[in-house]
Amino acid sequence: MSIITLWSRSRQTDHFEILLKPFIPFLYQLAWRFTGTQADAEDLVQDLLVKLYPRQKELEKIENLRAWLARVLYRQYIDHLRIQSRTPVDLADTGADPDEERDIPVSVKPDQEHAQLIAQIERLLPRLNDDQRLLLILHDVEGYTLNEIQAMSDVPIGTLKSRLNRTRKKLRDLMEPFPCK
Amino acid sequence: MNCHDIHHHCDAYLEHELSDTQKHALEAHLESCPACQHYIQQAKNIRDALTKLKAPAMRPDFAEQAFDKARQQNATVTKTRRFSGAGLALAVSLALAGIVGVFMHHPDSTVSKPAAIYISMRQVKDISLVFNAKEDLDKVTISIELSDNLALDGYGGRRTVSWNTSLQKGKNVLSLPIIATQSGNGTVIARLRLGNQDKTFRIRVNARQSGSTQIKPIVPHTPV
């Protein structure tokens, strides 16, 4: 059975769309950061909208809709990871670093250094564990505070803080091993 | 402080979380260790670079497509629930499937089938129409016309819409979110056009001030 799309050539919006459309670029960017691909980011946002559509009245009452949406998207992604891996995501990171592979330092001219550094980081982010990568993205890339991330993830701030430091250290070591022995 | 301490306290130092004593000890070590100076500088550079990471821009039409799909999928869910309960959508769908099935083989006929639906005021009701096509059909024009007391919810209160689409072989579902703006009798008219073939059918809708939704039995006048 196929579904006929209503008058796609004369498209109209509804209240749900008016309410959430301003947040879609933000949600897509966050989803892209989580997933790393356009297709997966679009699927994540799409699934979110499908789930939220019946909850329009609830959405209208939420004061900080942006933060609320980010939290729901984050939890949806965590659920997605759980399903994918068939094992719970370890939100209490042990700090173990199974990935001993390191990126080879590259010598560059000063004017190229910044772009090279960004490219290098983007290449290395997938090597972080999911929980490390998500935390680094939310805090250091997207600028969320640890309090905000705690609200999203229900992980204690102390745990987040120590995990963030371990993650940063791991990223630095992946880029360039600590020079002193 | 030694090199290992620098490695350990790097982030605390950059976030000004060290005590004065620790900070002075760390900076004293840095003065004599170019490797650790480089390490601290690299840590700063990485933090700066992270703030400048940008995700690729979203496809321009993604948002609209995503909202359309959300609406569509939720309409389907609603319809499925009602189907399971032998409710409003099912009855209408079955009747229309018969009519439209005939339409594909009797293009000259224009028949209005009586179907009376009772809805409550200001409550959105999805009426699902099922068009049963005998084969894939391209360039089908579907027109929906509502009487003055009815509107399509979520589409700016429009009462008339017309668009081109294609039908796949088998059942094709169109879910119409109908809302009554005034009480009384109303009409939903659906027209399908394929080339010079044309088919019109009509559903009577009675909008009540309040109360439960009901549907009268629909008996197709033409064979399915």
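Residue numbers begin at 1 in each chain, while the letters A, B, ... track the order of the sequences.
Contacts with chain B were tallied for A:A41, A:A31, A:P25; A:P25 has the most, counting heavy-atom pairs under 4.5 Å.
With sequence neighbours excluded, no residue satisfies salt bridge (charged side-chain N to carboxylate O under 4.0 Å, His left out) with A:R71. With sequence neighbours left out, the salt bridge (charged side-chain N to carboxylate O under 4.0 Å, His left out) criterion links A:E148 to no other residue. Residues that satisfy the salt bridge (charged side-chain N to carboxylate O under 4.0 Å, His left out) test with A:E60, not counting sequence neighbours, are absent from this structure.
Going from atom CZ of B:R47 over to atom CZ of A:R168 covers 3.5 Å, rounded to the nearest 0.5 Å. Here A:E17 contributes atom CD and B:R71 contributes atom CZ; the two are 5.0 Å apart, rounded to the nearest 0.5 Å. To the nearest 0.5 Å, atom NZ of residue B:K69 and atom CG of residue A:L49 are 11.0 Å apart. Here the CD1-CG distance, from B:I46 to A:L124, works out to 9.0 Å after rounding to the nearest 0.5 Å. Rounded to the nearest 0.5 angstrom, A:Q116 CD and B:N45 CG are separated by 13.5 Å.
You'll find the side chain of A:I121 reaches within 4.5 Å of the side chain of B:L53, heavy atoms only. For the pair B:L50 and A:H139, the minimum side-chain heavy-atom distance is 4.5 Å or more. No side-chain heavy atom of A:E42 sits less than 4.5 Å from a side-chain heavy atom of B:Q65. In this structure, the side chains of B:E64 and A:K21 come closer than 4.5 Å at one or more pairs of heavy atoms. Using a 4.5 Å heavy-atom threshold, the side chains of A:Q29 and B:M58 count as separate. Contact check for A:L117 versus B:Q42: side-chain heavy atoms found under the 4.5 Å cut-off.
In B:K23, the NZ atom is not crowded: 12 or fewer heavy atoms of neighbouring residues, nucleotides or ligands sit closer than 6.0 Å.
There is no contact between A:K51 and chain B, counting heavy-atom distances below 4.5 Å. Neither the backbone nor the side chain of A:L52 comes within contact range of chain B; no heavy atoms are under 4.5 Å apart. Heavy atoms of A:L136 lying under 4.5 Å from chain B belong exclusively to its side chain. With a 4.5 angstrom heavy-atom cutoff, A:Q38 touches chain B only via side-chain atoms. Only the backbone of B:A57 comes within less than 4.5 Å of a heavy atom of chain A; no side-chain atom from C-beta onward does. The parts of A:I24 that come within reach of chain B are both its backbone and its side chain, each placing non-hydrogen atoms under 4.5 angstrom from that chain.
Residues of residues 14-22 of chain B that come closer than 4.5 Å to chain A, counting heavy atoms only, are B:E15, B:E17, ordered by residue number.
Distance alone, capped at 3.5 Å, is enough to place a donor-acceptor pair between the A:Q46 side chain and the B:A66 backbone.
Residues B:P56 and A:W32 approach most closely at CD-CE2, 3.2 Å, considering heavy atoms.
Remark: the B:Y39 side chain and the A:R172 side chain contain an N/O donor-acceptor pair separated by less than 3.5 Å.
B:F67 and A:F16 have perpendicular rings, their planes meeting at more than 60° on a 0 to 90° scale where under 30° would count as parallel.
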